[in-house]
Structure formats: C-alpha cells, structure tokens
Amino acid sequence: MLSGFGGYKNVIEIGAGTGALTQYLFPKTDYNFLILDVDEESINFLHNKYPNRKSEIQLIDFLNMPFPTDMLPTAIIGNFPYNISSQIFFRVLENPILFPEVVGMLQKEVAVRLASKPGNKDYGILSVLLQAWYKVDYCFTVDEYVFDPPPKVKSGVIRMQLQPGLKPETSWLTFHKVVKAAFNQRRKTLRNALSAFLHKPEIKELPIFNKRAEQLSFLEFEYLVELISQQANGKSESAGD
C-alpha cells in the first residue's frame with residue numbers, strides 16, 4: 001500500500017488484527033515499525049506468530065496514545081476499523097507535521113468523502129480539513145468478495161501526502177469552527193450559516209457569502225477566517241471573492 005513509505009523510516013500500522021497487512025511489512029527490515037491494535041486477542045496472536053518482534057506489536061489505542069515531543073515524522077498505514085476511521089483522521093490532524101503520509105483502507109463512502117473536491121455532494125468538513133494539509137487521492141475500490149466473511153459494504157483505499165505549501169495561515173481553531181459551522185447548515189448560504197460570526201453589514205454583503213459550504217476550497221475558507229478575524233480587530237474588507 002505504501003511504496004517505500006515516502007522515505008520515512010518510522011511506520012505505524014493501525015488496526016493490525018491477525019496480521020493480514022503486517023506479514024508484508026515485517027520483511028522490510030529498513031523500517032521501524034509500531035504495530036497497533038486495541039484487541040488483546042489479536043495482539044496475543046501476533047506475539048505468538050512473531051515472537052522475536054513483540055516489542056513492535058503493542059496493545060495501544062492510536063486515538064488516545066500520547067505523541068512524544070521528540071517524535072520523528074512517521075508514516076501511517078492500516079486497514080482502519082470502519083467505526084472509528086474518521087476519528088483516526090481527526091487525531092492525525094492534531095499534529096499533521098508528524099504524519100507526512102497516510103495510506104489506509106476504510107469504508108468506500110468515507111474514503112470517497114475525504115478525497116472529494118469542492119462542488120461535490122460528498123465534500124464535507126473532514127474533506128476541507130484534510131485537504132488544507134494533504135494531497136488526498138482515492139486510489140482504488142476493494143470489493144466485498146475479497147474478504148471472508150464478506151462485509152456489507154465496499155472498501156476504498158486513500159493516500160494522503162503532506163503538502164508543505166498548504167496549511168491555513170490563520171488560526172487552526174477558528175478555521176475548524178468556521179468550516180464546521182458552514183457545513184452544519186450546508187443547504188444555507190454562508191451568509192446565513194455563518195451569521196453568528198458576522199457582525200458587520202459590509203462583511204455580510206461580500207459576494208463569497210452568496211455561496212454554500214460545498215462550493216469553497218480550503219483557501220476560500222481561509223479567506224473567510226481572515227475576514228472574520230479582521231472584523232474582530234475592527235478592520236473591514238471591501239474586496240469581493
């Protein structure tokens with residue numbers, strides 16, 4: 001799934017299970033692996049299968065594990081548990097610089113959503129937040145019949161690569177709040193969806209507020225955050241979008 005792990009020597013596998021993916025990772029001796037799962041039975045199975053690599057196979061929940069302050073850039077790979085896949089990406093977003101490449105399999109509908117572009121009905125909050133940092137590609141679909149037992153849904157594989165030239169220059173917390181508010185009322189124009197943030201009439205009349213959330217790229221959302229910040233600082237913006 002990862003071709004050379006993007007040049008990164010440290011690799012975390014999330015949701016190892018019984019090692020369907022792990023078996024292809026361990027022969028790669030040039031990397032430092034951390035194999036994670038939250039199921040004790042799965043970890044014991046892997047410990048028995050790979051007795052010489054127990055230290056790399058750990059019963060750890062990625063959603064709650066602390067990220068060391070001296071942690072080196074680490075690639076992430078995995079067949080992500082479908083019920084927490086979105087939470088995994090929100091966790092990655094807590095410190096994207098640490099995770100310059102992420103490749104994972106998840107439920108197809110979620111994978112499509114993460115890679116969707118503006119103007120698409122699948123485009124949403126996590127699409128914008130991830131694409132503010134990463135180049136997100138939908139790689140391929142995995143059909144049900146390749147699994148035993150087969151799930152009721154198709155799966156999709158995505159690849160995310162950190163893009164140094166991206167990332168919002170504005171406050172990430174404010175950026176997140178604005179994106180979330182815009183999509184929580186995605187059928188409304190931004191003028192209405194973001195009314196709680198807009199206090200100056202001249203700001204509300206800018207053309208960009210005639211649009212809806214799904215029409216905006218992360219750069220346009222960044223522009224909205226700048227407008228809101230200028231408003232708070234007593235400035236105003238007269239230009240259009």
For this session: Mind running side-chain hydrogen bond (donor to acceptor under 3.5 Å, both in side chains) on T22 and E13 for me, showing each step along the way?
Result: CA-CA 8 Å; T22 311; E13 181 191 359; 2.6 Å; yes

Problem set entry | Carboxylate-amine/guanidinium proximity below 4.0 Å for E101 and R159 | yes

[atom1] of [X] to [atom2] of [Y]: how many Å apart, nearest 0.5 Å?
| X | Y | atom1 | atom2 | result |
| --- | --- | --- | --- | --- |
| I88 | L106 | CD1 | CG | 8.5 Å |
| Q87 | F80 | CD | CZ | 13.0 Å |
| H47 | L59 | NE2 | CG | 8.5 Å |
| K204 | N192 | NZ | CG | 9.0 Å |
| T141 | M105 | OG1 | CE | 11.5 Å |
| I208 | I203 | CD1 | CD1 | 11.0 Å |

How close do [X] and [Y] get, heavy atom to heavy atom, and via which atoms?
| X | Y | result |
| --- | --- | --- |
| F183 | G124 | CE2-CA, 3.6 Å |
| E222 | F175 | N-CE1, 3.7 Å |
| K154 | E144 | NZ-OE1, 3.1 Å |
| N79 | L21 | ND2-CB, 4.1 Å |
| S55 | Q58 | O-NE2, 3.0 Å |
| P73 | N10 | O-ND2, 3.7 Å |

Between [X] and [Y], is there shared hydrophobic-cluster membership here, with clusters defined by ILVMFWY side-chain heavy atoms closer than 4.5 Å?
| X | Y | value |
| --- | --- | --- |
| L224 | L173 | no |
| I14 | Y24 | no |
| F140 | F147 | yes |
| V38 | F89 | no |
| L36 | M71 | yes |

For this session: Evaluate the criterion side chain to side chain contact (heavy atoms under 4.5 Å, CB included) for residue pair L126 and L93; output intermediate values, then yes/no.
Result: CA-CA 10 Å; L126 201 46; L93 283 169; 3.9 Å; yes

Exercise. Please walk me through it: do I97 and L162 pass side chain to side chain contact (heavy atoms under 4.5 Å, CB included)?
Worked result: CA-CA 8 Å; I97 301 299; L162 191 68; 4.1 Å; yes

Crowded around [X] [atom1]? As in, over 12 foreign heavy atoms under 6.0 Å?
| X | atom1 | answer |
| --- | --- | --- |
| E94 | CD | yes |
| K188 | NZ | no |
| K177 | NZ | no |
| K180 | NZ | no |

Side-chain donor/acceptor of [X] to backbone N/O of [Y], under 3.5 Å:
| X | Y | result |
| --- | --- | --- |
| S127 | R113 | yes |
| R91 | L63 | yes |
| Q131 | L114 | yes |
| Y138 | K108 | no |
| E205 | E202 | no |
| D37 | G17 | yes |

Exercise. Are F62 and V92 close enough, and set up right, to give a side chain to side chain contact (heavy atoms under 4.5 Å, CB included), and what steps lead you there?
Worked result: CA-CA 10 Å; F62 177 77; V92 167; 4.2 Å; yes

Any side-chain heavy atom of [X] within less than 4.5 Å of one from [Y]?
| X | Y | value |
| --- | --- | --- |
| N32 | L72 | no |
| Y123 | P118 | yes |
| Y50 | I35 | no |
| E214 | N120 | no |

Exercise. Taking the six-membered ring for Trp, is the centroid-to-centroid distance between F67 and F99 below 6.0 Å?
Worked result: yes

For this session: Kindly assign one of parallel, tilted or perpendicular to the pair F33 and Y31, based on the angle between their ring planes and the thresholds 30° and 60°.
Result: tilted

For this session: Just do the side chain to side chain contact (heavy atoms under 4.5 Å, CB included) check on Y223 and L216 with the steps written out, would you?
Result: CA-CA 10 Å; Y223 172 63; L216 270 60; over 6 Å; no

